[in-house]
Number of protein chains: 2
Amino acid sequence: MKRITIKDIAKTLGYSIGTVSKALADSHEISEVTKVEIQKFADENGYQYNQYAKLLRTGKTNIIGMIVPKIGNSFFSQILEGIEEKMSKTVYNLIIMQSYDDPVRELNLLETLFKKGADAIIIAPTGNCISLDYLRKLKKDGIPVVLIDRINYAISTHKIGIDNFRAVYQGISHLISMGCMDILFISSMAKGVVEERRRGYLQCLNDSGIQINYENLLSIDVEKNGENSREELIKYFAQRIQENILPDAIFTASDQLTYQVLEVLHALNIEVPKIIALLGFANFTFSNLFSPPLSCIVQPSKEMGSKAFALIEEILDKPDRQESSSFEDIKLPVKMEIRQSTN
Amino acid sequence: MKRITIKDIAKTLGYSIGTVSKALADSHEISEVTKVEIQKFADENGYQYNQYAKLLRTGKTNIIGMIVPKIGNSFFSQILEGIEEKMSKTVYNLIIMQSYDDPVRELNLLETLFKKGADAIIIAPTGNCISLDYLRKLKKDGIPVVLIDRINYAISTHKIGIDNFRAVYQGISHLISMGCMDILFISSMAKGVVEERRRGYLQCLNDSGIQINYENLLSIDVEKNGENSREELIKYFAQRIQENILPDAIFTASDQLTYQVLEVLHALNIEVPKIIALLGFANFTFSNLFSPPLSCIVQPSKEMGSKAFALIEEILDKPDRQESSSFEDIKLPVKMEIRQSTN
DNA sequence: ATTTAATATGCAATCGATTGTGTAAAGAAC
DNA sequence: GTTCTTTACACAATCGATTGCATATTAAAT
């Protein structure tokens, strides 16, 4: 019924608590005979050390905190999948939290994670992130911080993401190669990653000798339920239709936007790709089932997760750890899947 | 840098450790003046109690363990979303694990959760679940167990799901009302929920006076990466095409199957719904983007998550808790979204 | 003024481990 | 035979809290 402790073993076998502890740790201070006896007994009686008693001495909680905008978003749930896959075999525990892309909430969550004693933190920070100072403090306190997906270069810490500039550059290249000249770039308001993606767009147009039309940079405020952003998109395209100046292609800079834009185009009977070609980031496994089958840029989400955990594990398992001065900046390759929506 | 402890407060303010502890717990044993002094000091210096020291005394870990087949599956990540939303404001922590629908792995994970001292467990058990005995043991040990989605009536514990019989019954009714007579029912091998869904299918055919053809009950083994199941489906339909005996409708009894079947039908150029109508469980937000827009049965995933957590919170927060003899059996309503794929 | 009760605080055991120090007993060295 | 090591274990402090009991001080009751 109740779990057996080191004390129980000591009492039953007639050793001191310390001896049992050392025997189980396979210490050289204990004779082979005794070690075998104790270890065998522990095994047979299903002894499991109490990790909380242990951490009270050692100070390690083995908790890794993670903050993402929204778990239900398949991109982030795939990251999660990658983390869990590696982590379930280790002593570490993951605590997941959702920021809903709300900077204030994000800061609160970080404080909560600190209170809970997280040994390390993985975060996909919100765009206009006000938590940077707090993240720096955490780092100074010896808590490794890993940025994932939403890389922010204003803070020097570990980063795992993709080459956003290049990914978008390639995407736009593809659209251009398909004959598109008037490409609408839709992104969220957020800074950081979005900036990079926008640069990729601009640079590619430039390099291709296409005149840049700054009205083709559309920012949409994507929030929790997505109702407003849909309306915004509907209004935008309705007006464009009226003015009869639809672009010939759209690049969407995030998963949610990609789906939403496709939905809005359907709703307004704008044929894809006949009237407008569509390409964007999307991490849904069955993008080929869409109407039309969706061309998309797929991020190695699961790998990002497993890499993030591997990195943290490596850092935490180092014996004499101190605030490192060198930080990883991992950029994983994306995959561009070309289908009907850009044909 | 380091976190301040109760001991630091005691030393600085000249009280004993016990007094500080009681003051912070707002005990009546401590005078108002002292309490205010201590609490104020604690506040100003950012004191945070060490939950692990606390739990060592109290025995409560505040950890809730959760096992789902796969986090990346949008249905489960939505459940997760619902849980996190409620939980982030509480003292509880969630540990998530993936069983990949592997009964052996599931049992291991349960043991791990027990070792980690989970105070409660939420689980969507695998079909041919060998963990039932272990779950019963956990229950006896005073660890509340909540089954979610995959309800198994062989164990008496809390359950949160849908009325699978009715959901499928309605779905099949709809197919019949659209004129379908030869309906293929595709499910995984798993028992339990699948059984109920199958009963819904059979009963509905019966009630509609349609002759049951048991060859229309197809079981597919859906595993980790889904490669095999795709091949299996391809082979199945290829043969059916050859024999020229395609059904006029398909009902798929799980998210993954729904997407996969749709994909396979595309691959084999079987037009939906012209040749075969398709209806199934699916919890992807943008099912209307599919080709054709997918008719589906949507489960209240987020609500299932929040209900599960609410239930657990209620149980754990009860002061003098003992193994309850009455268990909740919550059935939430599903939503049937009718679109092109069954038209 | 003396006993009693209430109040406020200190003390110490406890949760389940880890780990440095202390100390018998046995064996080796001279 | 005395001294020095080595071996194998016990002892006790410690991590950061909680909590029942002891105790000192003050207030209330008689």
Side-chain angles (χ1 to χ4, degrees), chain A residues 1-39 41-42 45-63 91 114-119 142 319-320, chain B residues 1-39 41-42 45-63 91 114-119 142 319-320:
Chain A
M1 183 87 180
K2 281 221 61 79
R3 273 211 276 281
I4 157 178
T5 72
I6 215 169
K7 202 170 161 185
D8 302 324
I9 300 181
K11 210 183 297 173
T12 311
L13 260 42
Y15 291 103
S16 76
I17 292 177
T19 301
V20 174
S21 173
K22 285 171 184 165
L24 293 173
D26 212 29
S27 159
H28 65 276
E29 288 181 57
I30 307 298
S31 75
E32 275 310 312
V33 190
T34 310
K35 276 201 274 196
V36 169
E37 182 190 358
I38 292 178
Q39 286 166 3
F41 183 87
N45 293 77
Y47 168 76
Q48 289 299 333
Y49 74 87
N50 180 322
Q51 67 171 303
Y52 305 104
K54 189 171 184 168
L55 78 83
L56 194 54
R57 280 279 311 190
T58 60
K60 269 190 71 175
T61 62
N62 291 335
I63 284 184
V91 296
F114 178 66
K115 285 179 205 170
K116 298 203 176 197
D119 279 342
D320 297 306
Chain B
M1 184 83 180
K2 281 221 63 78
R3 272 212 277 281
I4 158 179
T5 72
I6 216 171
K7 201 170 161 186
D8 302 325
I9 301 180
K11 210 183 298 173
T12 312
L13 259 42
Y15 290 103
S16 77
I17 292 177
T19 301
V20 174
S21 172
K22 285 170 186 166
L24 292 173
D26 211 30
S27 159
H28 65 276
E29 289 182 56
I30 308 299
S31 74
E32 275 309 313
V33 190
T34 310
K35 276 202 273 195
V36 169
E37 181 190 0
I38 291 178
Q39 286 166 2
F41 183 87
N45 293 77
Y47 168 77
Q48 289 301 333
Y49 75 87
N50 181 322
Q51 66 171 304
Y52 307 103
K54 189 172 184 168
L55 79 83
L56 194 55
R57 281 279 312 189
T58 60
K60 267 192 71 174
T61 61
N62 289 336
I63 284 183
V91 296
F114 178 65
K115 285 180 205 171
K116 298 202 176 199
D119 280 342
D320 297 307

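Order of the sequence lines sets the chain letters (A, B, ...), proteins ahead of strands, with each chain counted from 1. Here the structure is a predicted model, which is why all the values come from computation and not from measurement.
Here the CZ-CD1 distance, from Phe41(B) to Ile4(B), works out to 5.0 Å after rounding to the nearest 0.5 Å. The line from OH of Tyr15(A) to CD1 of Ile38(A) is 5.5 Å long, rounded to the nearest 0.5 Å.
Taking each heavy atom of Thr61(B) and Lys116(B) in turn, the nearest pair found is CG2-O, 4.1 Å.
Whole-Å rounding puts the Leu56(A) CG to dA13(D) P distance at 17 Å. One interatomic measurement links the two molecules: OH of Tyr52(A) to P of dT18(C), which rounds to 15 Å at whole-angstrom precision. The CG-P distance, from Asn50(B) to dT14(D), rounds to 17 Å in whole Å. Rounded to whole Å, the distance from NZ on Lys54(A) to C1' on dT19(C) is 13 Å. Residue Leu24(A) contributes atom CG, which lies 12 Å from atom C1' of dG16(C) at whole-angstrom precision. Lys11(A) places its NZ atom 13 Å from the P atom of dA17(C), with the value rounded to the nearest Å.
Formation of a donor-acceptor pair under 3.5 Å by the Asn50(A) side chain with backbone atoms of Tyr52(A) is found in this model. Judged by distance alone, with hydrogens and angles left aside, the side-chain atoms of Thr12(B) form a donor-acceptor pair with the main-chain N or O of Asp8(B) at under 3.5 Å. Checking side-chain atoms of Thr58(B) against main-chain N and O of Lys54(B) turns up a donor-acceptor pair under 3.5 Å. With hydrogens and angles disregarded, no donor-acceptor distance shorter than 3.5 Å links the side chain of Lys115(B) to the backbone of Gln51(A).
Put simply, Thr5(A) has no side-chain N or O that comes within less than 4.0 Å of OP1 or OP2 on dG16(C). In this model, the phosphate group of dT18(C) is not approached by any side-chain N or O of Thr58(A) to a distance below 4.0 Å at OP1 or OP2. The side chain of Ser16(B) places no N or O atom within less than 4.0 Å of a non-bridging phosphate oxygen (OP1 or OP2) of dC11(C). Under 4.0 angstrom from either OP1 or OP2 of dC15(D) there lies no side-chain N or O belonging to Tyr49(B). OP1 or OP2 of dC9(D) has at least one side-chain nitrogen or oxygen of Thr34(A) nearer than 4.0 Å. Listed pair Lys7(A) / dC15(C) meets the phosphate criterion, a side-chain N or O lying under 4.0 Å from OP1 or OP2. In this model, the phosphate group of dT18(C) is approached by a side-chain N or O of Ser21(A) to a distance below 4.0 Å at OP1 or OP2.
Of the candidate nucleotides dT19(C), dG10(C), dA8(D), dG10(C) has the atom nearest to the side chain of Lys22(B). Of the candidate nucleotides dT18(C), dA10(D), dA17(D), dT18(C) has the atom lying nearest to any side-chain atom of Ile6(A).
Between Glu29(B) and Ala53(B), the residue anchored closer to the 5' end of DNA chain D is Ala53(B), taking for each the nucleotide with the nearest heavy atom. Both Arg57(B) and Tyr15(B) lie near DNA chain C, and the one whose nearest nucleotide falls closer to the 5' end is Tyr15(B).
For the helix from dT2(C)-dA29(D) to dC30(C)-dG1(D), the terminal axes (five pairs an end, C1' atoms, rotation from four pairs onto the next four) enclose an angle of 60°, given to 10 degrees.
Using a 4.0 Å heavy-atom criterion, one finds that Gly117(B) contacts no nucleic acid atom at all.
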